[in-house]
Amino acid sequence: KKLLTGFTMVLIAMVMFNSLANAQKAPFTGTVIYDVKAEGDLPEQAKAMMPTEMISKITADKQSAFIKSDMMEIKIISDAVTQETFNMMSMMGQKVVIISTAKQISDLKKKEGITTSYKTTNETKSIAGYLCKKVIITVKSKEEKEVNMDGYFTDDIDISRFMFSNAFPEFKGLPLEFTMKIGSMSLRCVARSIKKEDIPVSEFVIPTDYQLTTMEGLKTMFGGAGVQ
């Protein structure tokens, strides 16, 4: 995938997983900070421009994830009440937001031919103080014949209310470590800290200087550079 689309999919996959818990727990409210590392076939100079941190903030009915690099900033807000996601991108002096409904997200997966399968393992480890179980993920789409990824998920943070936009609906639980492939490279994300705290309403407000657009409009705006 091209770089911009890849970063966006990393965030979508990050913030919209289902919960591992069979019985619903009290909603987690707080901040999860991830270390992000670029790996794979990429020049060292390009790797140096990649993001190094991802910040996710979660409340009872909203969730955000923010990632920044030398090239762009991406923030995704998910609203469990309205069943919408707000994809904000700041790149090349342009600030845009794309609003997607639950149906649009589902239709896009079908259009791209995205299917996933997974295998749970007995391997566990502690990440940022939370017990996680390893899951082996296989993703297929029209563009990628098959991509295998490993992820570690915890059942102690319930975000099942965001399942409407779940990138991988087979999963349950917040991933605290995972690798997402972007073409010949990948981004590895590992939770560094998890803090329970109140999140201000302002975290989920769309700034007034962001212009509403669509994916087609985004392609036109950037002349197709980095956008599929």
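We're numbering straight along the sequence, starting at 1.
- Thr120 and Val135 get closest at one heavy-atom pair: CG2-CG2, 4.3 Å.
- Annotation: the span from Lys75 atom NZ to Ser90 atom OG amounts to 12.5 Å, rounded to 0.5 Å.
- Using a cut-off of 4.0 Å between Lys/Arg side-chain N and Asp/Glu carboxylate O, Asp107 and Lys103 are scored as salt-bridged.
- Across all their heavy atoms, Met89 and Tyr210 have their closest contact at O-CE2, 3.7 Å.
- Hydrophobic clustering (ILVMFWY, side-chain heavy atoms < 4.5 Å, transitive): Phe204 and Leu212 are in one cluster.
- Salt-bridge formation is detected for the pair Glu53/Arg192: a Lys NZ or Arg NE/NH1/NH2 atom is positioned less than 4.0 Å from an Asp or Glu carboxylate oxygen.
- Applying side chain to side chain contact (heavy atoms under 4.5 Å, CB included) to Leu176 and the options Val190, Leu131, Ile127, Asp156 leaves one that passes, Ile127.
- The heavy-atom pair separating Phe28 from Lys195 by the smallest distance is CZ-O, 4.0 Å.
- Between the Asn87 side chain and the Ile98 main chain, a donor and an acceptor come within less than 3.5 Å of each other.
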Residues Glu177, Cys132; criterion side chain to side chain contact (heavy atoms under 4.5 Å, CB included); working and verdict: CA-CA 9 Å; Glu177 177 179 331; Cys132 300; over 6 Å; no

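- Glu197 and Thr31 share a donor-acceptor pair across their side chains, judged by distance under 3.5 Å alone.
- A donor and an acceptor atom, one from each side chain of Gln211 and Thr213, are nowhere located under 3.5 Å apart.
- Thr101 and Glu84 are not linked by any side-chain donor-acceptor pair at a separation below 3.5 angstrom, with hydrogens and angles left out of the test.
- In this structure, Thr154 contributes its side chain and Leu174 its backbone to no donor-acceptor pair below 3.5 Å.
- How far CZ of Arg188 is from CD of Glu39: 6.0 Å, rounded to the nearest 0.5 Å.
- The side-chain hydrogen bond (donor to acceptor under 3.5 Å, both in side chains) check on Asp209 picks up Lys95, with sequence neighbours excluded.
- Partners of Lys57 under the salt bridge (Lys or Arg N to Asp or Glu O under 4.0 Å) rule, at least two apart in sequence or in another chain, do not exist in this structure.
- We find the CG-NZ distance between Asn122 and Lys134 to be 11.5 Å, quoted to the nearest 0.5 Å.
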Full working for side chain to side chain donor-acceptor pair (under 3.5 Å) between Gln63 and Ser78: CA-CA 5 Å; Gln63 186 174 21; Ser78 180; 5.3 Å; no

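- The side-chain heavy atoms of Thr29 and Ile58, taken from C-beta on, include no pair separated by under 4.5 Å.
- Gln83 places a side-chain N or O within 3.5 Å of a backbone atom of Ala80 that can act as its donor or acceptor partner.
- Distance CD1/Ile157 to OG/Ser56: 9.0 Å, rounded to 0.5 Å.
- Linking ILVMFWY side-chain heavy atoms closer than 4.5 Å, directly or via other members, places Met92 and Met71 in a single hydrophobic cluster.
- The two residues Glu203 and Ser64 come nearest to each other via the heavy atoms OE2-OG, 2.7 Å.
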Ile77 vs Met88, side chain to side chain contact (heavy atoms under 4.5 Å, CB included): CA-CA, chis, key distance, verdict: CA-CA 8 Å; Ile77 295 174; Met88 294 183 287; 3.8 Å; yes

Working for side chain to side chain contact (heavy atoms under 4.5 Å, CB included), residues Phe153 and Lys133: CA-CA 5 Å; Phe153 299 78; Lys133 178 175 287 188; 5.9 Å; no

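- How far OH of Tyr130 is from CG of Asp155: 11.0 Å, rounded to the nearest 0.5 Å.
- Ile33 and Met50 fall into different hydrophobic clusters, defined by Ile, Leu, Val, Met, Phe, Trp and Tyr side-chain heavy atoms under 4.5 Å apart, directly or through other members.
- To the nearest 0.5 Å, the span separating OG on Ser69 from CD1 on Ile74 amounts to 7.5 Å.
- With sequence neighbours excluded, no residue satisfies side-chain hydrogen bond (donor to acceptor under 3.5 Å, both in side chains) with Asp150.
- Minimum interatomic distance between Ala191 and Tyr34 (heavy atoms only, all atoms of both residues): N-CD2, 3.4 Å.
- Checking side-chain atoms of Thr179 against main-chain N and O of Leu187 turns up no donor-acceptor pair under 3.5 Å.
- Tyr152 carries Lys125 over the face of its six-membered ring, with the cationic atom under 6.0 Å from the centre and within 45° of the normal.
- Both Phe86 and Ile199 are members of a single hydrophobic cluster when ILVMFWY side chains are connected at heavy-atom separations under 4.5 Å.
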